[in-house]
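Here's the structure we're looking at; comments come further down.
As the structure is a computational prediction, the values presented were derived from the model and not from experiment.
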Amino acid sequence: MSEGLAFRFSVPGEHPCLPGHFPGRPVVPGVVLLDRVMAAAGLGGAVRLPSAKFLRPVLPGEEVLVELRPLEGGRLAFTGHVGGELAFRGEVAPP
């Protein structure tokens with residue numbers, strides 16, 4: 001990826017991860033958000049996650065705007081926004 005990439009997604013309320021995370025007030029688990037980032041970046045298999053910070057919960061049905069930006073050494077910086085508010089950010093790298 002020589003240029004940045006942006007994409008949008010939402011996790012529907014029927015997603016199987018939600019009933020246990022958390023009963024009565026479902027929140028999209030960070031691992032589901034990271035899975036979407038890695039899939040869009042074409043990163044399958046082993047990767048390193050030097051940093052990941054979750055700044056606000058992502059609720060079912062909320063639209064997430066993810067932006068990926070290439071860094072040196074094959075690393076990628078990512079951010080995820082909901083309604084213009086930064087929800088998560090981090091970096092992924094090859095093993």
Considering non-hydrogen atoms only, spot the tightest contact between [X] and [Y] and give its length.
{"X": "Ala41", "Y": "Leu76", "value": "CB-CD1, 3.5 Å"}
{"X": "Leu68", "Y": "Val37", "value": "CD2-CG1, 3.7 Å"}
{"X": "Phe78", "Y": "Leu34", "value": "CZ-CD2, 3.6 Å"}
{"X": "Val64", "Y": "Gly80", "value": "CG1-CA, 4.3 Å"}
{"X": "Cys17", "Y": "Val32", "value": "SG-CG2, 3.9 Å"}
{"X": "Ala87", "Y": "Val58", "value": "CB-CG2, 4.0 Å"}

Open item on the list: Does anything in residues 77-95 form a side chain to side chain donor-acceptor pair (under 3.5 Å)? List the pairs, not counting sequence neighbours.
Closed with: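 Checked against side chain to side chain donor-acceptor pair (under 3.5 Å) - neighbours excluded - the pairs reaching residues 77-95 are Arg56-Glu85, Arg75-Glu91.
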
Task: Sub-4.5 Å side-chain heavy-atom contact between Val66 and Phe88 - done: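 Of all side-chain heavy-atom pairs linking Phe88 with Val66, at least one is under 4.5 Å.
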
Open item on the list: What I'd like to find out is whether the side chain of Leu59 reaches to under 4.5 Å of the side chain of Val27, using heavy atoms alone.
Closed with: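 Yes - at least one pair of side-chain heavy atoms lies under 4.5 Å apart.
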
- [ ] Measure the spacing between CD of Glu3 and CG of Leu5 and express it to the nearest 0.5 Å.
- [x]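 Nearest 0.5 Å value for the CD-CG distance: 10.0 Å.
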
Side-chain heavy atoms under 4.5 angstrom apart, residues restricted to Ile, Leu, Val, Met, Phe, Trp, Tyr: same cluster for [X] and [Y]?
{"X": "Val31", "Y": "Val82", "answer": "yes"}
{"X": "Leu86", "Y": "Val28", "answer": "no"}
{"X": "Leu71", "Y": "Leu49", "answer": "no"}

- [ ] Measure from the side-chain N and O atoms of Arg48 to the backbone N and O of Pro94, and report whether any donor-acceptor pair falls under 3.5 Å.
- [x]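 Indeed, once roles are kept as given, a pair shorter than 3.5 Å links the two residues.
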
- [ ] Decide yes or no on side chain to side chain contact (heavy atoms under 4.5 Å, CB included) for Phe9 and Leu33, but give the supporting numbers first.
- [x] CA-CA 10 Å; Phe9 74 92; Leu33 300 172; 3.8 Å; yes

Open item on the list: Applying side-chain hydrogen bond (donor to acceptor under 3.5 Å, both in side chains), can you list everything that pairs with Glu67, at least two apart in sequence or on another chain?
Closed with: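 Listed in chain order: nothing, the list is empty.
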
Task: Any residue meeting side-chain hydrogen bond (donor to acceptor under 3.5 Å, both in side chains) with Arg25, in chain and number order, not counting sequence neighbours - done: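 Arg25 satisfies side-chain hydrogen bond (donor to acceptor under 3.5 Å, both in side chains) with no residue once adjacent residues are dropped.
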
Open item on the list: Working note: Val11 + Arg36, criterion side chain to side chain contact (heavy atoms under 4.5 Å, CB included); need CA distance, chi angles, decisive distance, verdict.
Closed with: CA-CA 10 Å; Val11 176; Arg36 297 285 177 103; 4.2 Å; yes

